[in-house]
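Order of the sequence lines sets the chain letters (A, B, ...), proteins ahead of strands, with each chain counted from 1. Side chains are part of it too, since the values below use all heavy atoms of this structure and drop only hydrogens, waters and symmetry mates.
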There are 2 protein chains.
Amino acid sequence: MREFRSKLRILLIDDNSDHLRGVKELINLESNYEVVGTTTSAHIGINLIKKYQPDIVLMDMNMPEKDGLHAIQDIEKLELNTKVIALSGYDDADLIFRAMKIGAKGYVLKTMASAQLIYAIDEVAAGKIYLPSVLSSRFFEYFQNTFKEETKLSESENLLYQLTSREEEVLDLLTQGNNYKGIAKKLFISETTVKTHVNNIFQKLQVNDRTQAVLYALNNGFANKRKAKMAV
Amino acid sequence: MREFRSKLRILLIDDNSDHLRGVKELINLESNYEVVGTTTSAHIGINLIKKYQPDIVLMDMNMPEKDGLHAIQDIEKLELNTKVIALSGYDDADLIFRAMKIGAKGYVLKTMASAQLIYAIDEVAAGKIYLPSVLSSRFFEYFQNTFKEETKLSESENLLYQLTSREEEVLDLLTQGNNYKGIAKKLFISETTVKTHVNNIFQKLQVNDRTQAVLYALNNGFANKRKAKMAV
DNA sequence: ACAAATATCAATCCATAGATTTACGCCAAT
DNA sequence: ATTGGCGTAAATCTATGGATTGATATTTGT
């Protein structure tokens with residue numbers, strides 16, 4: 001992707017101009033890096049990225065006007081080859097998780113040694129994703145907590161397991177937004193039969209209407225292809 | 001959690017008895033570890049865990065009868081302090097992702113140096129989560145791909161952004177399974193007003209009924225607290 | 001200060017959804 | 001051979017949902 005022998009082009013976005021200057025000097029010490037721009041404004045940053053298409057963006061996460069998360073999202077939407085490394089003062093698990101989720105390729109704390117930042121830049125430039133092990137640990141704890149609830153329902157208490165296979169088919173079509181007529185047509189059975197099935201589903205799931213049935217299904221691991229939730 | 005000076009108690013589950021023996025010998029070389037049991041069967045393994053409540057379980061992922069994923073899930077359901085480290089022959093991103101999702105505290109390849117396994121055990125025993133950087137990279141690539149679709153819908157094409165704040169409130173209540181009457185009561189407005197709002201929502205989201213509206217909302221980032229999908 | 005968007009409500013009408021009961025053929029388990 | 005679960009279906013009834021029109025008060029932007 002990157003031109004042979006050309007310098008790695010880096011853009012810095014940080015509302016703290018002192019920190020901005022410090023990082024710039026740090027990076028300029030490395031002969032193979034080049035800072036193509038610095039700005040304290042996320043908005044201006046986006047425009048600079050469009051203009052210069054840098055290889056790497058170092059993005060401060062704790063900014064007032066437009067926060068780092070949204071800035072990263074905007075950058076990702078541009079679909080350039082620009083890779084974002086998030087910079088933050090704190091190891092806030094939620095922030096790390098969200099930054100990685102929307103496409104940050106790395107996350108480094110400002111308190112970390114400068115060598116770590118350089119290393120992160122190298123790794124990310126090489127196409128890898130880099131999280132220092134401390135942050136990686138925090139990320140995974142948060143990640144697992146996020147999914148813990150989803151998993152904890154045992155098979156015995158998950159009412160979905162009481163459904164017959166035909167009822168599952170019907171419920172699946174319900175979770176795709178079909179009405180009775182649509183389901184009847186798709187399963188080649190009469191509408192009244194569908195009603196019978198749906199009523200049985202309501203009884204088994206202990207709900208009152210199709211919307212609640214659909215919600216129960218989605219929230220309790222019903223494998224629906226359109227990923228309202230990811231199956232284990 | 002762990003008794004001072006007591007050895008770290010480890011259980012091995014791997015359907016390949018050769019590998020099982022090898023790992024056992026490897027671990028017994030370490031003076032502060034103790035293998036409390038080994039088995040080639042996941043089912044038996046679960047029972048051994050109940051009985052011995054080991055600190056660490058090394059779980060092979062590629063087993064025939066009951067696969068490693070389900071075994072891990074069963075272990076997690078026991079809610080013991082037993083920590084599972086997954087062992088696998090391949091760096092299958094999907095498998096790594098799913099294992100971590102359901103609660104594995106580490107993931108090590110069988111092809112990795114034995115020192116790496118020992119290190120992983122130490123880290124996990126110390127309460128951390130350990131993924132070698134190679135696997136960590138694979139995990140994050142997979143993780144980001146999983147969420148890429150969800151994020152890519154720009155604000156302009158996401159019909160939810162056309163809703164007024166009141167309509168959002170109403171839709172929120174719809175996604176909780178309320179009917180007209182329930183929504184009217186909760187918002188202290190008449191049922192007919194709710195109908196008006198809901199009709200406007202249908203128009204804006206280009207759907208025909210409440211179920212489709214709810215599905216649209218869930219699939220397009222509508223912040224619902226019960227996290228059918230996680231907000232950014 | 002004025003236009004446009006929003007929130008509220010009513011009345012009506014038709015379609016769909018949901019509850020209930022009854023029934024029949026099929027298959028699997030005992 | 002019989003029972004019980006399942007899938008199929010119909011008939012009937014009531015409740016809820018959804019479309020449409022029209023109206024008024026309030027808020028918001030310029």
How close or far is atom [atom2] of [N] from atom [atom1] of [X], stated in whole angstroms?
X	N	atom1	atom2	value
B/Ile189	D/dA25	CD1	C1'	15 Å
A/Gln203	C/dG18	CD	C1'	10 Å
B/His197	C/dC9	NE2	P	8 Å
A/Tyr180	D/dA15	OH	C1'	12 Å
B/Arg210	D/dG17	CZ	P	5 Å
B/Ile183	D/dG18	CD1	C1'	13 Å
A/Asn199	C/dA17	CG	C1'	9 Å
A/Glu168	D/dC6	CD	C1'	14 Å

Consider the side chain of [X], meaning its heavy atoms from C-beta on, and name the nucleotide among [options] that approaches it most closely.
X	options	value
A/Phe202	C/dA7, C/dG18, D/dT8	C/dG18
B/Arg166	D/dG7, D/dA9, C/dT8	C/dT8
A/Asn179	C/dA19, C/dT16, C/dG18	C/dT16
A/Thr164	C/dA17, C/dA7, D/dG7	D/dG7
B/Asp209	D/dA9, D/dG18, D/dG7	D/dG18

Any salt bridge between B/Asp14 and B/Lys110, counting N to O under 4.0 Å?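 The answer is yes: the pair qualifies as a salt bridge.
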
Any salt bridge linking B/Arg138 with B/Asp91? Criterion: basic side-chain nitrogen under 4.0 Å from a carboxylate oxygen.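 Here B/Arg138 pairs with B/Asp91 in a salt bridge, since their nearest N and O are under 4.0 Å apart.
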
On DNA chain C, nearest-nucleotide positions of A/Val207 versus A/Lys181: which is more 5'?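 Closest to the 5' end, via its nearest nucleotide, is A/Lys181.
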
Both A/Thr196 and A/Glu191 contact DNA chain C. Which one's nearest nucleotide lies toward the 5' end?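 Per heavy-atom nearest nucleotide, the more 5' residue is A/Glu191.
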
Using the benzene-type ring in the case of Trp, are the ring centres of A/Phe143 and B/Phe139 under 6.0 Å apart? yes

Would B/Phe140 and A/Tyr130 count as a close aromatic pair, with their ring centres under 6.0 Å? no

Could you work out how much the helix from C/dA1-D/dT30 to C/dT30-D/dA1 bends, comparing the axis of its first five pairs with that of its last five, to 10°?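 End-to-end axis angle for the helix from C/dA1-D/dT30 to C/dT30-D/dA1: 60°, rounded to 10°.
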
Does B/Thr193 reach a base, just sugar-phosphate, or nothing at all? Heavy atoms under 4.0 Å.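 Counting heavy atoms under 4.0 Å across all strands, the contact made by B/Thr193 includes a base.
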
Contact class for B/Thr192 vs. all strands (heavy atom < 4.0 Å): base, sugar-phosphate, or nothing? base

Looking at A/Lys24, I want to see if its NZ is surrounded by more than 12 non-hydrogen atoms of other residues, nucleotides or ligands under 6.0 Å. no

Answer yes if the side chains of B/Glu141 and B/Asn145 hold a donor-acceptor pair under 3.5 Å, and no otherwise.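 B/Asn145 and B/Glu141 do not have a side-chain donor-acceptor pair below 3.5 Å.
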
Go through it in stages, so that I can follow the logic: the residues are B/Glu167 and B/Lys204, the test is salt bridge (Lys or Arg N to Asp or Glu O under 4.0 Å), and I'd like the CA-CA distance, side-chain angles, deciding distance and then a yes or no. CA-CA 10 Å; B/Glu167 285 161 359; B/Lys204 291 184 179 179; 2.9 Å; yes

